[in-house]
Amino acid sequence: MQAFLSVVLRGVRDAYTWANPVGAQIGDRVVVPFRGRNRIGIVVAEHATTDLKKTAEVVEILDKNLVPKEGIALAQWAAEQYFCPVGKVLSLMLPPAFWSKEQPVKQTRVWSILGTETEPKGTKQKAVVAVLRRLGGAAPETELKDTASYTVLKNMAEKGYIKPEKGITPDPLFGHEERPSHDLTATQMEAYDQIKASEKPCLLWGVTGSGKTEVYKKLIGDALSERRGSILLVPEIGLTPQLISEMRGAFGSTVGVWHSRQNATEKAQTVHRVATRACRVLVGVRSGAWAPMPSLGLVIMDEEHEWTYHNQSAPRYATHSVAKRLCRKHNAKLVLGSATPRAESFHAATAANEYTMVQLPERVNGSSMPPISVVDMRVSNTFDAESPLSPQLVEALKKCISKEQKAVLLLNKRGMHQAMLCRSCGHHTTCPNCDSRMKLHSRGGNQALLCHICGHLERFKNSCPSCSASDYFAHGWGTQGVEAYMQKHLPSMKIARADADTTGTKAGIEPHLERLRAGEVHVLLGTQMVAKGLDFAGIGLVGVLNADVGLSLPDFRSEERVFQLITQVAGRAGRRGESAQIIIQTHAPEHPVFRFIKEYDTAGFLKTTLQQRAEHDWPPYGTVIKLTCTDPSKEVAFNATKALCQQLQATGANATWAPALFPRTHNKYHFHVFLRGGQLPPLLELLKEIELPRGVKIDTEPISVL
């Protein structure tokens, strides 16, 4: 036992030292006196001696080994890598209740049926027995609260019908439908064998519909048989319900969920179930990588190409790096799965030999990928300049519906229209808080202008605020506008719209998918969320509206994102062998990215992309760090940026500056400094040696330079 401990408290930047009379160890949750009152913290280090003349003592241990030593080491590494306090990282692992309550999780009794020959006679008692039998003979008390009161349960126990057992942490997902896993095909089995044999991280590159999930399930089953935990990460909350259902059906109550739409109670329960090994398979979004999973054996990042795996607020972490470090600490296996891998991952699996490349080149049922047509809207749209749909797409929609198939339409812009222009004076209404044009939205028959950056909302007035003319021109379609257009011009088609305005509940996109599966709607129209995770029969058409969105952005990843998004949504069609087609509408059909998309040439696109990046030393061939200076005063932000850039240049570093894509957002001005070099560690050391401006935002692995 070490005599002294370093303990991290929530909201306190540095770790402090306490004497250790209670025998606490790294990873324990403890109570310590701090500034006149007791606080709860996590032990992050042990020391035999201290230079302090006097130290207070740890009061008590609340939880032994709540965070595994590997998790503490990960937090300390992340604090250095992402320039943030260790406590900030630990707050990603443990929800607030663990920092403020001695007993953050309430346990519940489990009631089970006794094997008596007689049946209860009362209506409520019969209902209790029916529920327990439906749930396998036993259930937590929380599952019976809507059926009978505690008095009824106690009375049944006294009569010998049921009995209470020891308390457990409630499972937020209690109950599941059994779903047997399918036998792997020969190709899937070969991929599985390659992953098992590899000692390096594996890139599972499988076309859409190739059955990557079945390979995941086989690997997770192996980890469970070895008494090791698994973390399965997905890029969007909306993808978790169907994946949870899939995993829950295969692995039962050992499956848990981790995402931002959980309430405080659910988060605390999940953490406790993970730490106590009741949950051994965790399905979550990027923050799930921080879960304090003991004896971790496997981490899977599904759709590993998605930009949402990068955390945009402090700590600004890249989940790929966190997952690699986590697996290294636990000696666990890392699997990255995608039909359209990141350029960095493709390079690591081919040229750099850092990953093992594992391929699933064909769909499970042997069906071919649907043909893709590219429609030139400069020509096609002349028949009706007011329409967001080309004649080809309208005709394809009608044919698809007549065949009782379903259609998916992707438009990566929400709202009615993207801008409102006064024809008389050319005025665009901009957000008062941001350098951004307001977007027209409609709700309940009322029209309003909304800023998609800060959320500022104001009523739309028919008269121009600049010249008072009532001569507005709406341009740039959004999903809500396309829905309204189709309801007017194609009234027989039933449409479900899935975007940030319609999927804000915990259920996410799932209710819309259920309506599509059930045939209640013909067309699913939405933003990029419709490109991910849709896996069911009957989708005979995918249409991409305004496919140019994002291509013109001054970012070295812009073309890659467009390629990935369109290829992914194209993969939603014909997954069960049905006849299907893909129609892409664009004003720039000659752009090379559409040739690669049309030919499903992912390898060709990635090789071309990597050649272009190599010429300019962009990742993975070079490193870039983005530092952002922000202030309500443009002059203050600019001067801080200029001084920081000059300070870096004085050391001989390759540093440049530029205003952000939106120079003003949330009533603050933003300027970037870009620090570039070969490897990341020397750049991190350089940043530690210089004087950084107060409040500077540091992104050591930026997903975008905008």
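For Gln312, the CD atom is densely surrounded, since the number of other residues' heavy atoms within 6.0 Å is greater than 12.
Panel note: side chain Glu559, backbone Val593; no donor-acceptor pair is recorded below 3.5 Å. In terms of modelled atom types and a separation under 3.5 Å, the side chain of Gln581 and the main chain of Leu541 share no donor-acceptor contact. A side-chain donor-acceptor contact under 3.5 Å links Asn412 to the backbone of Gln528.
Residues Pro554 and Val705 have side chains not in contact (no heavy-atom distance under 4.5 Å, counting atoms from C-beta outward). Counting only heavy atoms from C-beta outward, the side chains of Tyr669 and Thr630 never approach each other to under 4.5 Å. Counting heavy atoms from C-beta on, the side chains of Val530 and Arg572 never come closer than 4.5 Å. Within the 4.5 Å cutoff, the side chain of Trp657 has no heavy atoms near those of the His672 side chain. Residues His670 and Thr665 have side chains in contact (heavy-atom distance under 4.5 Å, counting atoms from C-beta outward). Put simply, the side chain of Leu204 reaches to within 4.5 Å of the side chain of Leu360, judged on heavy atoms.
In this structure, Arg676 forms a cation-pi arrangement with Trp618, its terminal cationic atom sitting closer than 6.0 Å to the ring centre and no more than 45° off the ring axis. Figure legend: Lys200 and Tyr355 shown without cation-pi pairing, the cationic atom not lying both under 6.0 angstrom from the six-membered ring centre and within 45 degrees of its axis.
Taking the six-membered ring for Trp and the full ring otherwise, Tyr621 and His616 have centroids separated by 6.0 Å or more. Remark: aromatic rings of Tyr82 and Trp77 are close, center separation under 6.0 Å.
The residue from Asp376, Asn546, Asp548 that alone fulfils the side-chain hydrogen bond (donor to acceptor under 3.5 Å, both in side chains) condition with Thr586 is Asp548.
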Candidate pair His259 and Ser287, rule side-chain hydrogen bond (donor to acceptor under 3.5 Å, both in side chains), full reasoning: CA-CA 7 Å; His259 59 68; Ser287 57; over 6 Å; no
Step-by-step side-chain hydrogen bond (donor to acceptor under 3.5 Å, both in side chains) determination, Gln81 to Ser321: CA-CA 10 Å; Gln81 182 87 352; Ser321 297; 5.1 Å; no
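Distance NE2/His591 to OG/Ser552: 9.0 Å, rounded to 0.5 Å. To the nearest 0.5 Å, atoms OG (Ser367) and CZ (Arg575) are separated by 9.5 Å.
Ionic pairing of Arg342 and Glu304 is present here: one or more N-O contacts between side-chain nitrogen and carboxylate oxygen are shorter than 4.0 angstrom.
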